[in-house]
Amino acid sequence: MAKLKQLYPILICLLMTGCAALFSEQEYVLVDQKVSQQPVFSGVVYSIPEQVNVRKIVLLGRGKVQNFDVYVRDEKNNWKFTKEVQRAIEFPFEIFVVANTDAIKIAHRSVTGKGRIETIQLYTIAEKEK
């Protein structure tokens, strides 16, 4: 029990540091790689040549679309469900993620809305100088 009491100040310090990092303003930088797209049976796969630490996905297009899912490909080439969008969205539309990936899949559950996603932009976090 005495050992646990010694850990409390350390835990409080770690929690305060972690919370400060979560609430600090982050600067997003566009990933400077060509995004290619490939139609698949359930939607479209948008890919880049190499894996990047992606923190934000911006969907660009025209009109309004709805009823689609967003998947991120992991290091083992498995698709990981990331976001379900049911309501109609307007462009540009931002999706915040934490993923090391080289591909994003937009899977359409049903064809609704008069619009289309034309491309995506991938963003990472900028390294801040100390």
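Side chains are part of it too, since the values below use all heavy atoms of this structure and drop only hydrogens, waters and symmetry mates. This structure is a prediction, so every number in the text was calculated from the model and none was measured.
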Inter-residue atom distance Ile89.CD1 - Glu94.CD, 0.5 Å rounding | 11.5 Å
Taken to the nearest 0.5 Å, the spacing of Arg73 CZ from Asn100 CG works out to 12.0 Å
Flag, side chain of Thr124 to backbone of Val29, donor-acceptor distance under 3.5 Å | no
Does the Thr82 side chain pair with the main chain of Lys80, one donor and one acceptor, at a distance under 3.5 Å?
-> yes
Common cluster, [X]/[Y], ILVMFWY with side-chain heavy-atom separation under 4.5 Å:
| X | Y | answer |
| --- | --- | --- |
| Phe68 | Val97 | yes |
| Ile95 | Val72 | yes |
| Val58 | Ile117 | no |
| Ile120 | Val31 | yes |
| Val85 | Leu122 | yes |

Phe96 and Tyr28 aromatic ring geometry - parallel, tilted or perpendicular at 30°/60° bounds | tilted
In this structure, which one of Tyr46, Trp79, Phe81 forms a ring pair (Phe, Tyr, Trp, His ring centres under 6.0 Å) with Tyr71?
-> Phe81
Minimum heavy-atom separation for [X] to [Y], with atom names?
| X | Y | answer |
| --- | --- | --- |
| Leu60 | Pro92 | CD2-CB, 3.7 Å |
| Gly43 | His108 | CA-CD2, 3.8 Å |
| Tyr123 | Gln121 | OH-OE1, 2.9 Å |
| Ile125 | Arg55 | CG1-CG, 3.2 Å |
| Thr101 | Ile48 | O-CD1, 4.2 Å |
| Gln66 | Arg87 | CB-O, 3.3 Å |

Does atom CD of Glu118 have more than 12 heavy-atom neighbours, drawn from other residues, nucleotides or ligands, at distances under 6.0 Å?
-> yes
Flag if over 12 foreign heavy atoms under 6.0 Å of CG, Asn78 = yes
Working for side chain to side chain contact (heavy atoms under 4.5 Å, CB included), residues Ile104 and Ile57 | CA-CA 9 Å; Ile104 308 294; Ile57 303 166; 3.6 Å; yes
Compare all side-chain heavy atoms of Lys105 with those of Val40 and state whether any distance is below 4.5 angstrom.
-> yes
Would Asp69 and Lys83 pass as an ion pair if we require N to O under 4.0 Å?
-> no
